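To start, the structure itself, in structure tokens.
Owing to the predicted nature of the structure, the values given are computational and were not obtained by experimental measurement. Ligands are counted one by one from 1 in listed order, and the atoms in each one are counted from 1 as well.
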Amino acid sequence: MVENSTGARALALREKILSGAARAGRNAADIRLVGVTKTRTIEEMLEVASLIDAIGENRVQEALTKKEQWPSDVKIEWRMIGHLQSNKVRRAVTVFDALDSLDSVGLVRAVERAASEAGHVVPVLIEVNTSGETTRTGAAPGDFPGLIDCVMESPHLNLQGLMTIGPLTDDEAQVRNAFARLREMASDARLRTGLPLPVLSMGMSLDFEWAILEGSTMVRIGTAMFGPR
Ligand SMILES: *Cc1c(COP(=O)(O)O)cnc(C)c1O
């Protein structure tokens with residue numbers, strides 16, 4: 001394997017997750033690695049399929065096209081991490097194993113309806129905008145309690161936890177603050193609802209080590225594994 005190959009970068013990421021977990025006094029087995037594969041080819045994706053825990057795609061149609069070409073003997077989980085449009089919900093429910101970006105009551109209701117029609121229970125995350133940046137997707141923190149109530153009233157949704165995108169800055173304190181906020185929201189929600197909510201999806205190429213220090217259980221990595229898009 002050549003040193004700067006995608007596979008080598010994925011292995012190096014695994015090492016960084018290990019050392020980050022050790023630094024945080026955590027078990028690396030509790031941190032899943034989602035390979036973010038928007039714009040990547042099937043060949044690039046297959047190079048890392050055995051080194052990642054799941055694939056993260058941003059668009060329903062792109063994921064569908066790739067899944068049609070994906071070899072059936074390579075088992076992997078497909079997660080929707082991009083903003084989900086209501087008119088794509090029905091398809092998303094059949095294409096993906098989990099939907100990580102539920103951020104409005106309207107979307108929650110649409111996904112519940114589609115999951116009910118498809119006859120299965122969909123694992124979901126609620127995405128919260130913890131940074132307050134208007135360019136970031138996700139529900140406003142103030143809308144989170146209402147959103148969680150709505151998900152709990154939805155028998156075909158299985159709420160696993162929360163997701164966020166960190167603020168676009170290299171200021172460590174500011175980024176870690178946003179991640180800490182998501183962790184605290186999850187912990188408040190556990191007390192209030194009794195749900196286990198084990199998943200905190202936070203941390204991308206530039207901030208995943210800070211996210212691990214703040215309790216991330218799922219990092220979503222694109223460029224640090226595949227190179228620039
Ligand atoms: C693109 C994307 C990522 C990965 O970003 P990188 O900086 O390439 O690691 C993670 N999460 C979401 C929601 C994304 O859209």
Side-chain angles (χ1 to χ4, degrees), residues 4-17 20 31-41 44-45 47-49 51-64 66 76-85 88 92 95-104 107 111 123-140 160-172 174-176 178-179 181-183 199-229:
N4 61 354
S5 73
T6 298
R9 281 192 297 255
L11 281 175
L13 271 169
R14 279 286 181 202
E15 290 295 322
K16 281 191 180 168
I17 291 172
I31 304 163
R32 301 186 73 208
L33 172 57
V34 177
V36 175
T37 53
K38 57 183 173 231
T39 76
R40 311 299 176 177
T41 63
E44 288 176 285
M45 292 165 68
E47 258 188 83
V48 296
L51 301 170
I52 61 179
D53 299 300
I55 284 170
E57 281 281 343
N58 288 66
R59 288 169 186 274
V60 179
Q61 186 55 50
E62 184 175 342
L64 178 60
K66 287 173 172 174
I76 191 115
E77 182 180 295
W78 294 71
R79 307 188 71 99
M80 173 61 175
I81 62 168
H83 183 67
L84 185 53
Q85 292 170 284
K88 303 278 169 61
V95 170
F96 290 99
D97 300 302
L99 304 179
D100 294 352
S101 49
L102 300 198
D103 64 356
S104 73
L107 188 56
V111 173
V124 298
L125 303 180
I126 292 177
E127 182 184 355
V128 180
N129 180 347
T130 49
S131 68
E133 289 177 2
T134 51
T135 53
R136 290 297 192 226
T137 50
Q160 299 188 322
L162 279 70
M163 167 190 167
T164 198
I165 300 176
L168 190 61
T169 167
D170 56 10
D171 184 287
E172 176 172 354
Q174 208 180 320
V175 174
R176 288 184 62 169
F179 293 151
R181 184 156 190 207
L182 195 77
R183 183 188 66 231
V199 179
L200 285 180
S201 174
M202 54 191 199
M204 318 202 304
S205 290
L206 296 177
D207 56 19
F208 72 92
E209 288 171 293
W210 293 333
I212 288 171
L213 287 170
E214 297 298 342
S216 173
T217 69
M218 186 177 277
V219 294
R220 308 179 307 266
I221 314 278
T223 47
M225 186 160 9
F226 297 104
R229 273 186 293 274

Provide, to 0.1 Å, the distance between [atom] and the closest protein heavy atom, together with that atom's residue and name.
atom	answer
atom 10 (C) of ligand 1	M204 SD, 3.1 Å
atom 11 (N) of ligand 1	R220 NE, 2.9 Å
atom 2 (C) of ligand 1	K38 NZ, 2.6 Å
atom 6 (P) of ligand 1	S205 OG, 3.5 Å

**OP:** Can you establish whether the number of heavy atoms outside K16 located under 6.0 Å from its atom NZ is more than 12?
**Re:** no
Subject >> CG/D171: more than 12 non-hydrogen atoms of other groups inside 6.0 Å >> reply: yes
Determine whether the side chain, the backbone, both or neither of [X] has a heavy atom under 4.0 Å from any heavy atom of ligand 1.
X	answer
L206	neither
I81	both
M163	side chain

**OP:** For the residue pair D103 and I126, establish whether any side-chain heavy-atom pair is separated by less than 4.5 Å.
**Re:** no
Original post:
Would R229 count as a contact of ligand 1 if the rule is a heavy atom under 4.0 Å away?
Top reply: yes
Original post:
Is G222 in polar range of ligand 1, meaning some N or O pair under 3.5 Å apart?
Top reply: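 Such a contact does occur with ligand 1.
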Residues [X] and [Y]: side-chain donor-acceptor under 3.5 angstrom:
X	Y	answer
S5	E47	no
R32	T217	no
T37	E57	yes

Original post:
Applying the side-chain contact (heavy atoms from CB on, under 4.5 Å) test to V48, which of L13, I221, T6, L11 qualifies?
Top reply: T6
Original post:
Can you list the ligand 1 atoms lying under 4.0 Å from a non-hydrogen atom of I221?
Top reply: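 Selected atoms, number and element: 9 (O).
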